[in-house]
There are 2 protein chains.
Amino acid sequence: MKTIEQFLESKNIRVTAMRLLIYKFLAEKQVAVTLSDIENAFEKADRTTLYRTIKTFEEKAIVHQIDDGTGINKYALCEKGCNCEIETDLHLHFHCNNCNETICLTEHKIPQIKVPDGFVSENVNLVVKGICDKCSGQ
Amino acid sequence: MKTIEQFLESKNIRVTAMRLLIYKFLAEKQVAVTLSDIENAFEKADRTTLYRTIKTFEEKAIVHQIDDGTGINKYALCEKGCNCEIETDLHLHFHCNNCNETICLTEHKIPQIKVPDGFVSENVNLVVKGICDKCSGQ
DNA sequence: TCAATAAATGCACTTCCATTGCATAGATAT
DNA sequence: ATATCTATGCAATGGAAGTGCATTTATTGA
Ligand SMILES: [Mn+2]
Ligand SMILES: [Mn+2]
Ligand SMILES: [Zn+2]
Ligand SMILES: [Zn+2]
């Protein structure tokens with residue numbers, strides 16, 4: 001059972017107060033968050049710091065960026081063993097048209113997608129939009 | 001065999017010189033275009049007019065907007081009988097990491113995606129990234 | 001321990017694209 | 001012909017991403 005500090009260090013990320021707070025914030029959230037979400041949660045911190053922290057996390061593969069079609073980048077912690085860069089590892093994302101939240105469906109891998117001859121698939125982004133479990137009252 | 005004028009009228013779009021030009025521009029292109037692409041093609045026209053023309057086309061379902069993950073909206077003419085709003089009609093899009101172009105793979109429908117209980121799927125966006133046929137030299 | 005070095009943070013600024021308000025030109029209808 | 005509605009053009013705004021640079025904080029190693 002690693003501490004967060006140990007985990008960050010194992011990823012070659014220096015531990016700072018800010019980084020710990022942001023990591024914990026992401027870990028508590030069950031949904032993908034925008035930079036503004038983080039900004040609102042830490043009003044004392046500068047936006048740039050938050051931005052660069054997220055980018056650092058992304059580089060070191062502890063968060064992945066999600067384009068859910070809203071036009072605003074969202075971020076979520078990677079699961080253990082998640083290799084975001086490997087196509088076959090990619091899970092799909094769900095965006096709720098009602099509450100506007102986006103969540104990782106980590107259990108749901110993206111099916112193999114056929115592309116025409118001559119095309120080479122390197123990466124797939126799949127976003128399902130609809131009504132989430134909370135909003136469907138189910 | 002409808003003329004473009006007749007086609008636009010059938011979609012309740014008033015025919016103007018600008019709209020005809022933009023429609024023809026889209027029809028000639030084999031790839032999805034950005035607003036800037038259109039702007040460059042019609043330097044005499046104001047960006048707002050081009051923007052609103054595209055939005056009008058979109059509302060009347062003669063073009064569909066494509067989010068290919070580049071952060072810039074792209075647009076392409078709908079195929080005949082394309083109902084963009086119906087999930088089962090949605091085709092996938094391919095974005096080339098080399099030439100940066102995005103094309104509609106209208107023949108390739110998006111497979112049925114399973115979502116967990118309680119979730120309702122209304123819409124799916126699927127973008128495959130990789131190397132296109134022209135760039136793969138095939 | 002202390003100075004030198006490197007990294008993280010904060011502030012200001014820029015860029016890019018999407019979008020809107022409002023005035024005017026142009027088309028349509030009575 | 002006049003009133004009315006629509007399309008276009010110009011100016012401005014807003015949101016979000018990203019960068020340059022100065023300052024603070026942490027790390028290194030003499
Ligand atoms: Mn995810
Ligand atoms: Mn398409
Ligand atoms: Zn919801
Ligand atoms: Zn290409």
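Side-chain atoms are counted along with the backbone in the values below, which use heavy atoms only and exclude waters and symmetry mates. These numbers come from a predicted model, not from an experiment. All chains are named by letter (A, B, ...) in the order of the sequence lines, taking the proteins before the strands, and each is independently numbered beginning at 1.
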Roughly how many Å is it from [atom1] in [X] to [atom2] in [N], rounded to a whole number?
X       : N      : atom1 : atom2 : result
A:Asp68 : D:dA16 : CG    : C1'   : 14 Å
A:Leu50 : C:dG10 : CG    : P     : 8 Å
B:Glu39 : C:dC16 : CD    : C1'   : 12 Å
B:Phe42 : D:dT8  : CZ    : C1'   : 15 Å
A:Ile38 : C:dG10 : CD1   : P     : 14 Å
A:Asp37 : D:dG15 : CG    : P     : 15 Å
A:Arg19 : C:dG10 : CZ    : P     : 12 Å
A:Met18 : D:dA26 : CE    : P     : 14 Å

Item to check | 5' precedence on DNA chain D between B:Ala17 and A:Gly71 (nearest-nucleotide basis) | outcome: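 Whichever sits nearer the 5' end wins; that is B:Ala17.
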Next on the checklist: Once ring-ring contact (aromatic ring centres under 6.0 Å, His included) is applied, what residue pairs with a partner in residues 27-49 of chain B remain, sequence neighbours excluded?
Outcome noted: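 For residues 27-49 of chain B: B:Phe25-B:Phe42.
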Item to check | Nucleotide nearest B:Ile72 (side chain, heavy atoms from C-beta), chosen from C:dT9, C:dG10, C:dA18 | outcome: C:dA18
Checklist entry - Rest of the hydrophobic cluster containing A:Ile131 (Ile/Leu/Val/Met/Phe/Trp/Tyr, side-chain heavy atoms under 4.5 Å)? => result B:Val120
Identify, with sequence neighbours excluded, every residue that meets side-chain hydrogen bond (donor to acceptor under 3.5 Å, both in side chains) alongside [X].
X       : value
B:Asn97 : A:Glu122
B:Asp37 : B:Thr34
B:Ser10 : B:Lys2

Checklist entry - Can you find a side chain N or O atom of B:Thr16 that sits less than 4.0 Å from OP1 or OP2 on D:dT8? => result yes
Checklist entry - Is there a side-chain polar atom (N or O) of A:Thr49 under 4.0 Å from OP1 or OP2 of C:dA8? => result no
Checklist entry - How about A:His108 and A:His93: does a side-chain donor come under 3.5 Å of a side-chain acceptor? => result no
Donor-acceptor pairs under 3.5 Å, side chain of residues 15-24 of chain A to any protein atom, not counting sequence neighbours: which ones?
unit_1, atom_1, unit_2, atom_2, d
A:Thr16, OG1, A:Arg19, N, 3.1
A:Arg19, NH1, A:Arg14, O, 3.0

Checklist entry - What pairs with B:Leu35 under side-chain contact (heavy atoms from CB on, under 4.5 Å), at least two apart in sequence or on another chain? => result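 By the side-chain contact (heavy atoms from CB on, under 4.5 Å) rule, B:Leu35 matches B:Arg47, B:Leu50, B:Tyr51.
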Item to check | Partners passing side-chain contact (heavy atoms from CB on, under 4.5 Å) against A:Lys44 (at least two apart in sequence or in another chain) | outcome: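 So A:Lys44 forms no side-chain contact (heavy atoms from CB on, under 4.5 Å) with any residue.
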Next on the checklist: Contact list please: residues 3-10 of chain A against DNA chain D, heavy atoms, distance less than 4.0 Å, in numerical order.
Outcome noted: none
Using a cutoff of under 3.5 Å, can you pull out all pairs of nitrogen or oxygen atoms linking the protein to nucleotides 18-21 of chain D, with atom names and distances?
unit_1, atom_1, unit_2, atom_2, d
D:dG18, OP2, A:Tyr51, OH, 2.7
D:dG18, O5', A:Tyr51, OH, 3.0
D:dG20, O6, A:Arg52, NH2, 3.0

In residues 66-78 of chain A, what donor-acceptor pairs under 3.5 Å come from side-chain atoms, sequence neighbours left out?
unit_1, atom_1, unit_2, atom_2, d
A:Asp67, OD1, A:Gly69, N, 3.1
A:Asp68, OD1, A:Thr70, N, 2.9
A:Asp68, OD1, A:Thr70, OG1, 2.6
A:Asp68, OD2, A:Lys74, NZ, 3.0
A:Asp68, OD2, A:His95, ND1, 3.4
A:Asp68, OD2, A:Thr102, OG1, 2.5
A:Thr70, OG1, A:Ile72, N, 3.4
A:Asn73, OD1, A:Gln65, NE2, 3.0
A:Lys74, NZ, A:Asn100, O, 3.3
A:Lys74, NZ, A:Thr102, OG1, 3.4
A:Tyr75, OH, A:Lys55, NZ, 3.4

Checklist entry - Do A:Val127 and A:Leu92 have side-chain heavy atoms sitting under 4.5 Å apart? => result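 Result no, sub-4.5 Å side-chain heavy-atom pair not found.
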Checklist entry - Heavy-atom distance under 4.5 Å between the side chains of B:Glu101 and B:Val31, does that happen here? => result yes
Name the pairs: protein N/O against N/O of nucleotides 23-30 of chain C, kept only if under 3.5 Å.
none

